[in-house]
**Q** 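Have a look at this one.
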Amino acid sequence: MAVRANPNLLKQLKRYGADDVTKCFHCGTCSATCPLSQEPFLFPRKSMRYLQMGLGDRLKGNLEPWLCYYCGDCSDQCPREAQPGETMMSMRRWLTAKYDFTGLSMLFYESRTAEVAAIIVVGILSGIGFYLLGALSGGDFGSYPGFIPGHNAEYLTELGWDVKSVVLVMAVFVLGLLGINVLRMWWFTTGSRKDLNVPFDIYMKHILLCPWHFFTQKRYSECDKKKPWVVHIILMLGFVALFAVFLAHMIWQDDTHAHTYLGPLAGVMLVGASSFALSGRLNKTEAHYKYSHHSDMNFLYMCLFVGLTGLAQHIAGRIGCGAFANFMYILHMMGAVPMLLIQLPFTKWAHLVYRPHAMYFAAIQADVIAGREGAKGASAVPHKQSA
Amino acid sequence: MTTECKIGVYVCSCGTNIGKMVDCDAVTGYTKNLPGVAVCKSYKYMCSNPGQEMIVKDIQRYGLDRVVVAACSPRMHEPTFRAAISHGGLNPYYLEMANIREQCSWVHDDHQQATDKAKALTCAAVKRVPFHEPFDMQSVPMNSASLVIGGGVAGLTAALELADANQPVYLVEKDGKLGGNLARIDLTSPYLDSAKDLLAERICRVTKNPKITVMLNSEVESISGYVGNFKAQIKSNGEAVTDIEIGSIIVCTGFREFDASKVGEYGYGRFPNVVTSFDLEKMLKEGRVVMKDGKTPKYVTIINCVGSRSGKYNRYCSRVCCMTALKYANGIKSAAPDAFITNLYTDMNAFGKGCEDFYRRSAERDTIFMMFDKHAPPTVSAAGKGEHFNMLVKVNEILSGEEVEIPADMVVLMVGMEAREDSMNVARLVNISRDKDGWFIESHPKLDPVATSTDGVFIAGACASPKDIPDTVAQARATTARILAKICQGEIWVEPVYAEINEDLCSGCRVCNELCPYSAIDYDPVKKRSAIISVMCKSCGGCVAGCPSGAIKARHFTDKQIFEQIEGVLEWASSRA
Amino acid sequence: MGFEPRIVGFLCNWCSYTGADLAGTSRIKYQPNVSIIRVMCSARIDPTFVLKALSMGADGVVICGCHPVDCHYISGNYKAMRRFPLLKKLLKEFGVEDERVRLEWVSASEGQRFSEVINDMTDKIRALGPSKIRVQLDADKVER
Amino acid sequence: MDKKKLQIALYWGAACGGCDVSVLDTNEFILDIAAACDIHMWPIAHDGKYKDIEALEDGFLDLAMYNGAVRNSENEHIAHLLRKKSKVMVAYGSCAHIGGIPGLANTFTREEIFESAYLKNPSIQEGNKTVPQPQTEVDGGELTIPAFYKRVYKLDDVVDVDYYIPGCPPAPEQCKAVLSLIVSGQPLPPKGSVVGASERALCEDCQRKKDEKMIKQFFRPWQIIQDPEKCLLEQGIVCAGSATRSGCGVRCPDSNMPCRGCYGPMPNVVDQGAKIISSVSSIIDSQDPEEIDKILSGIHDITGYAYRFGMAGSLLQRSVR
């Protein structure tokens with residue numbers, strides 16, 4: 001089937017960071033350089049081609065940008081400086097926007113102001129909310145951790161609120177959004193492709209890939225450069241630790257162990273990794289830090305902010321500066337909530353969902369394709385003999 | 001021509017190139033016993049200095065009068081060994097080479113058979129060489145005037161170069177004005193300089209230079225004579241005939257564009273907004289790129305290789321179209337900044353100085369490049385109803401494997417270059433050859449690119465093959481360098497290998513007269529004999545084989561020499577049987 | 001060893017001989033049965049050469065020149081093109097098999113084609129068997 | 001027998017007899033011959049027996065002129081006999097020189113010739129088909145006839161020849177000149193020479209006007225009305241004159257018939273037929289293979305044109321069938 005070239009796609013992608021893709025003349029050095037590029041997913045060349053020619057539909061159904069972890073080798077090797085690594089990155093941004101049905105993602109990606117404004121608005125709202133929550137529950141701003149809602153559960157219950165249900169509503173909202181978007185991603189890349197026709201058992205066969213890739217980022221470790229993977233996994237584990245602290249706090253009301261040990265550790269990991277990445281991006285130290293979209297910078301600033309405020313809160317609490325600790329706590333939440341409500345479902349952070357799914361779908365597709373080619377090969381054998 | 005010849009035979013093993021497949025010692029052992037062989041040696045590299053010195057010394061020590069070198073192709077080292085034996089005091093034509101590398105060791109994989117064949121070839125050379133005759137170079141005077149055919153950029157450059165060296169030039173142009181194809185062009189790629197600026201200065205200097213006789217609306221009627229001594233008749237305005245005498249001729253007749261209407265799928269002539277590169281060039285010169293209805297196009301598709309690199313039309317690459325297409329992409333971008341430009345190509349040839357950079361810059365200006373397979377060219381069709389553009393170009397894009405539809409308001413066909421329709425006449429007029437596409441053939445494609453098989457006739461520019469302006473100008477200047485060198489010498493040395501008619505055997509039957517492609521055979525009606533003008537003869541030997549009386553001898557390729565070779569290659573073979 | 005044909009090749013200097021050299025520089029292998037004699041142009045090839053080679057015991061003769069139009073000497077190959085059919089006509093009346101004598105156009109860039117021509121020629125003549133011409137001429141001297 | 005007189009013998013091998021007659025055609029010069037020579041054998045004029053020749057001393061004869069090709073064992077026997085008995089052996093006429101018309105039989109095998117002459121010939125009565133055998137047993141003994149060779153030879157294929165006098169037949173004036181020379185006792189040309197013929201081709205003496213030659217169509221002589229002033233080859237009539245020695249007196253072209261080449265090849269030419277082919281095809285006015293074929297189809301019987309006289313003396317000499 002013929003596909004129509006869309007002359008505006010390139011212009012659009014420029015807003016996502018694909019500035020240099022037109023320089024590419026398809027020598028294929030990038031695909032040859034990339035250690036992750038393997039049959040049947042040979043990238044980044046072909047994706048660059050789709051983009052150059054304005055084949056939006058082809059690009060939308062393309063998993064390849066997600067299979068790239070942006071070590072930057074391709075950009076280093078490119079004879080035309082077409083920045084294939086950055087182009088793949090911008091395609092990931094664009095895909096995130098395409099997967100999102102609300103259109104907010106597109107808005108945030110295409111407009112720095114919109115993203116920043118959304119973060120500020122949500123941040124201020126959540127600052128006010130958490131202050132009110134602490135104040136209304138009778139918390140004393142000078143004592144720590146008394147101002148923190150979980151510690152005054154009785155009062156909230158009296159008000160008819162349940163912090164857990166508030167958190168639950170938020171979680172359902174975010175997960176619901178992401179769930180719908182992942183379903184869209186599945187439909188664009190795999191579900192709508194009649195030529196694949198994936199049987200159910202293949203879906204089941206590879207299902208564990210999702211958590212496996214989520215937690216290990218095994219594929220990232222296969223890049224030739226190992227440092228980015230280390231930084232990334234520290235950042236990721238920092239968030240996982242933070243999430244564990246949060247769960248411990250919410251579910252088991254355990255503030256001693258988790259809070260005392262895991263919390264600061266997570267904070268240090270976050271601050272360390274994000275400040276490393278930030279300084280890399282600001283100084284453009286490595287290929288993958290050379291080009292920064294506002295979504296990248298905003299995300300890192302937020303990470304650093306959340307990490308720093310969390311650490312400060314903890315230290316202030318430990319040394320007995322209750323008011324400062326509570327202030328830091330409010331600030332911490334002013335960072336964390338926008339991250340969860342804006343960056344997780346709509347912008348940079350969404351990749352934590354899409355990427356493991358992309359690995360999963362890619363494995364499914366590869367399996368189907370290999371099976372089909374195997375079958376073809378089998379039928380070809382007797383044919384050959386008769387000839 | 002004696003059996004008492006003393007032949008030195010030298011078998012080269014060329015490192016391992018020959019030695020690995022051919023048993024050189026066996027060849028030497030066999031050759032040693034052939035009649036007339038005084039000395040036979042094998043050496044690692046005969047062409048090396050020690051190798052050549054060995055021959056030189058042997059000539060003196062053994063009193064050799066003929067030398068056979070069994071080594072590489074004579075096309076490779078015949079000049080080397082001729083010089084060597086000449087250094088040793090022998091006439092250079094007393095050499096014969098046996099090609100046991102390119103036509104033996106490199107192409108066979110059986111040691112025994114390769115060695116046998118090397119023996120046969122060496123035997124043939126040993127049998128031939130006693131019949132070699134000595135020759136000396138011959139000289140003729142040189143007329144310093146030159147005739148330049150064609151007033152394009154090549155002709156103008158060549159004329160100026162010669163006139164600046166104070167030599168008279170006749171510049172003959174068929175058209176009513178100078179400038180040729182370059183005058184049809186707006187800007188040049190890749191630096192986007194104005195073609196007009198390039199030309200105006202040259203035309204002005206040419207018309208003012210007293211050494212240059214410009215003849216417009218003129219054609220060369222006939223040419224006779226030979227290098228250094230040509231006579232030409234120039235017909236001007238269809239009637240007046242001028243006779244001129246010149247020593248050299250430069251042919252720079254240029255090219256014509258491919259007829260785009262031959263390619264049906266592009267719809268040239270069917271769709272008003274499908275235009276050729278020269279049509280667009282006209283628009284660009286007028287400063288307005290518009291569709292037939294006067295509107296500015298929003299979608300422009302440029303199709304490269306129209307008539308070039310195709311199995312159906314011309315197989316060759318026209319070389320300049322890729323960069324010209326980029327020039328258009330830039331030009332249209334400037335005229336219509338919002339236009340969406342697609343360039344469909346088969347292979348982007350950005351070989352020249354500044355060209356790769358130009359390609360890159362054009363890509364950065366958002367020209368979309370799509371590659372198509374030359375066997376499946378794109379098609380142009382009318383757009384469907386309700387579309388906001390008027391044509392749809394369909395292409396099988398091979399870098400993505402997708403069949404893509406591109407909206408188009410205007411389609412530009414990059415028509416290739418073709419040999420001019422009158423190139424056959426020109427070739428006949430000046431006695432040069434054309435290749436299958438009609439381009440004039442150079443003497444050697446790499447080492448002698450502006451000379452031709454006819455001494456004194458040179459070719460420059462796009463009449464020899466598609467060429468860009470820098471190459472054309474470089475060639476034009478190269479021709480003048482060749483000519484000025486000969487003028488400086490004052491006389492011309494000509495190879496002594498030619499055919500000659502034995503007057504005692506010629507009966508004046510005139511069978512040979514029409515056979516000479518160079519009109520080098522002259523018939524004397526009084527003596528009733530034909531004779532060959534040796535400086536005009538190129539030694540093809542067509543008349544020799546055609547002479548029914550056996551009166552014509554091809555120097556260095558006599559019947560006797562070839563008979564000996566035939567016997568040589570077969571003698572050894574029969575001894576095996 | 002079975003019958004190995006002895007073939008004489010007459011090649012023009014500018015196209016075919018250069019093409020044969022190219023086969024060499026490209027290391028394209030072909031059968032060693034053809035011994036090449038260089039002439040300046042296919043126009044130089046006198047039918048006498050072919051008859052001479054056959055009478056001397058050649059099992060085949062191959063003449064190679066530039067493709068029509070491409071001749072270094074403008075029109076030399078046309079002379080070969082005109083002479084060849086008449087020679088073939090004559091050879092036919094002498095009972096010489098059609099495959100034994102061939103005219104082929106090989107350009108300077110056709111090293112591959114040259115090797116194919118030689119292999120094809122050699123295979124065909126090998127299949128045809130040895131030429132009787134020389135054998136008969138020798139026998140005629142002994143037995144009337 | 002006056003030993004001062006020249007001792008000569010003429011023999012008529014496989015030939016038509018025209019050569020023998022050609023000596024008579026010298027008219028009154030024959031009387032001079034008779035006066036100067038003792039003729040030991042001359043089939044058309046003098047009744048010499050083989051046994052008379054056999055009886056002579058070796059080398060007794062000063063001159064033997066052998067005309068005709070060698071077709072059978074008798075021809076060869078006499079050739080050897082005359083060689084032995086004579087000081088100078090001359091191949092007289094085209095047949096002895098280059099095989100001549102009999103040589104054309106070399107396109108056929110002996111079996112084919114016998115079949116056509118003795119078995120398939122319409123004039124042969126049914127039941128009377130006999131193929132001659134060299135030996136036949138009859139009542140009272142064995143009959144022998146000369147053995148018919150499998151091909152035709154020219155004279156120097158079987159014996160050493162000193163001189164050649166070409167022509168079919170040699171022109172009487174040439175014959176006269178050669179004989180006069182011998183009788184005069186002047187020094188003879190080097191052995192192996194062709195005497196009684198020019199070193200140049202027939203065109204030298206042909207008075208027709210010659211121009212550049214480009215041929216679009218070939219004709220047989222009867223197919224067109226000739227221009228008597230113009231070169232026959234230019235008119236599309238295959239003429240061997242340019243490839244043939246002169247000396248005949250241009251008899252054929254002067255009678256509006258093309259030269260057929262009886263005076264044999266030019267001094268530097270190895271194969272007259274090859275030269276005829278080469279020159280005639282070279283001047284075809286076409287560069288298109290199909291048109292060339294069409295033009296060449298106008299040449300009937302190429303063997304007859306190329307080797308009308310020279311088959312046995314050509315490079316291939318005979319058919320390989």
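The figures here come from the full heavy-atom set of this structure, side chains too, leaving out hydrogens, waters and symmetry mates. Just so it is clear: chains get the letters A, B, ... in the order the sequence lines come, proteins before strands, and each one is counted from 1.
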**Q** For the interface with chain B, which of C:Ala23, C:Gly76, C:Ser26, C:Ser35 has the highest count of heavy-atom pairs at distances below 4.5 Å?
**A**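 Looking at each of C:Ala23, C:Gly76, C:Ser26, C:Ser35 in turn, C:Ser35 comes out on top.
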
**Q** Can you tell me which portion of C:Lys29 sits under 4.5 Å from chain B's heavy atoms? Options are side chain, backbone, both or neither.
**A**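 C:Lys29 touches chain B through backbone and side-chain heavy atoms alike.
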
**Q** Relative to chain B, which segment of C:Ile118 carries a heavy atom at a distance below 4.5 Å: side chain, backbone, both, or neither?
**A**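 Contact with chain B: none, neither part.
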
**Q** What part of C:Arg38 is in contact with chain B, defined as an atom under 4.5 angstrom from a non-hydrogen atom: side chain, backbone, both or neither?
**A**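 For C:Arg38, heavy atoms of backbone and side chain both lie under 4.5 Å from chain B.
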
**Q** Show the nearest heavy-atom pair for residues C:Lys79 and B:Gly542, with the distance to one decimal.
**A**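 So the minimum-distance heavy-atom pair works out to CD-CA, 4.2 Å.
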
**Q** Between C:Ser42, C:Gly111, C:Gly57, C:Ala20, which has the largest tally of heavy atom pairs under 4.5 Å with chain B?
**A**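 Of the options given, most contacts go to C:Ala20.
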
**Q** Please confirm whether the backbone N or O of B:Gln103 pairs with a side-chain atom of B:Lys117, one donor and one acceptor, at under 3.5 Å?
**A**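 The answer is yes, because a donor-acceptor pair under 3.5 Å joins these two groups.
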
**Q** Go through B:Val497, B:Leu121, B:Ile441, B:Val544 and name the one with the most non-hydrogen pairs under 4.5 angstrom from chain C.
**A**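 The option with the most such pairs is B:Val544.
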
**Q** Which region of B:Asn17, side chain (C-beta onward) or backbone (N, CA, C, O), has a non-hydrogen atom less than 4.5 Å from a non-hydrogen atom of chain C, or is it both or neither?
**A**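 Looking at B:Asn17, just its side chain touches chain C.
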
**Q** For B:Arg315, is the CZ atom crowded, meaning more than 12 foreign heavy atoms sit under 6.0 Å from it?
**A**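 No - once you tally the heavy atoms of other residues, nucleotides and ligands closer than 6.0 Å, there are 12 at most.
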
**Q** Does C:Ser131 offer a backbone N or O that forms a donor-acceptor pair with the side chain of C:Asp59 under 3.5 Å?
**A**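 Yes; at least one donor-acceptor contact below 3.5 Å.
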
**Q** Please flag which part of B:Ile432 lies under 4.5 Å from any non-hydrogen atom of chain C: side chain, backbone, both or neither.
**A**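 Only the backbone of B:Ile432 comes within 4.5 Å of chain C.
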
**Q** Tell me, side chain or backbone of C:Asn33 under 4.5 Å from chain B's heavy atoms, or both, or neither?
**A**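 Neither part.
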
**Q** Identify the heavy atoms of B:Tyr498 and B:Cys537 that sit nearest to each other, and give their distance.
**A**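 Nearest heavy atoms, B:Tyr498 then B:Cys537: CB-SG, 3.5 Å.
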
**Q** Which atoms of C:Ile28 are under 4.5 Å from chain B, going by heavy atoms: the side chain, the backbone, both sets, or neither?
**A**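 Answer is backbone: N, CA, C or O of C:Ile28 sit under 4.5 Å from chain B.
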
**Q** Any idea which of C:Val39, C:Leu22, C:Thr48, C:Asn13 has the most non-hydrogen atom pairs under 4.5 angstrom with chain B?
**A**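 Most heavy-atom pairs under 4.5 Å with chain B: C:Asn13.
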
**Q** In this structure, are over 12 heavy atoms from other groups packed under 6.0 Å from C:Lys92 atom NZ?
**A**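 No, because the 6.0 Å sphere around NZ of C:Lys92 holds 12 heavy atoms or fewer from other groups.
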
**Q** Pick whichever of B:Gly546, B:Cys540, B:Ala124, B:Gly541 has the most heavy-atom pairs under 4.5 Å with chain C.
**A**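 The residue among B:Gly546, B:Cys540, B:Ala124, B:Gly541 with the greatest pair count is B:Cys540.
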
**Q** Over 60° means perpendicular and under 30° means parallel, so classify the ring planes of C:Trp14 and C:His72, tilted if in between.
**A**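 Rings of C:His72 and C:Trp14: parallel, as their planes differ by under 30°.
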
**Q** Looking at B:Thr454, B:Asn99, B:Asp110, B:Thr452, which makes the most heavy-atom pairs under 4.5 Å with chain C?
**A**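 Greatest number of close heavy-atom pairs with chain C: B:Asn99.
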
**Q** Less than 4.5 Å to any heavy atom of chain B: does that hold for the side chain of C:Thr18, its backbone, both, or neither?
**A**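 Looking at C:Thr18, backbone and side chain both touch chain B.
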
**Q** Where does C:Val8 contact chain B at under 4.5 Å (heavy atoms): side chain, backbone, both or neither?
**A**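 Side chain only.
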
**Q** Please test C:Asp120 against C:Arg102 for salt bridge (Lys or Arg N to Asp or Glu O under 4.0 Å), starting from the C-alpha separation and ending with a verdict.
**A** CA-CA 11 Å; C:Asp120 184 61; C:Arg102 261 207 217 192; 2.5 Å; yes

**Q** Check whether C:His67 gets within reach of chain B through its side chain, its backbone, both or neither, counting any heavy atom under 4.5 Å.
**A**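 Interface part for C:His67: neither.
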
**Q** Tell me yes or no: between the side chains of C:Arg134 and C:Ser55, is some donor less than 3.5 Å from an acceptor?
**A**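 No, no side-chain donor-acceptor pair sits under 3.5 Å.
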
**Q** Answer yes if the side chains of C:Arg126 and C:Gln31 hold a donor-acceptor pair under 3.5 Å, and no otherwise.
**A**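 Their side chains do contain a donor-acceptor pair, which is all the 3.5 Å distance test asks for.
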
**Q** At a heavy-atom separation under 4.5 Å, does C:Phe114 approach chain B through its side chain, its backbone, both, or neither?
**A**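 For C:Phe114, no heavy atom lies under 4.5 Å from chain B.
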
**Q** Closest heavy-atom contact between B:Cys512 and B:Ile521?
**A**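 Result for this residue pair: O-CD1, 3.5 Å.
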
**Q** For chain B, which of C:Ala80, C:Gly24, C:Ala53 has the most heavy-atom pairs under 4.5 Å?
**A**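 If we count pairs closer than 4.5 Å to chain B, C:Gly24 comes out on top.
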
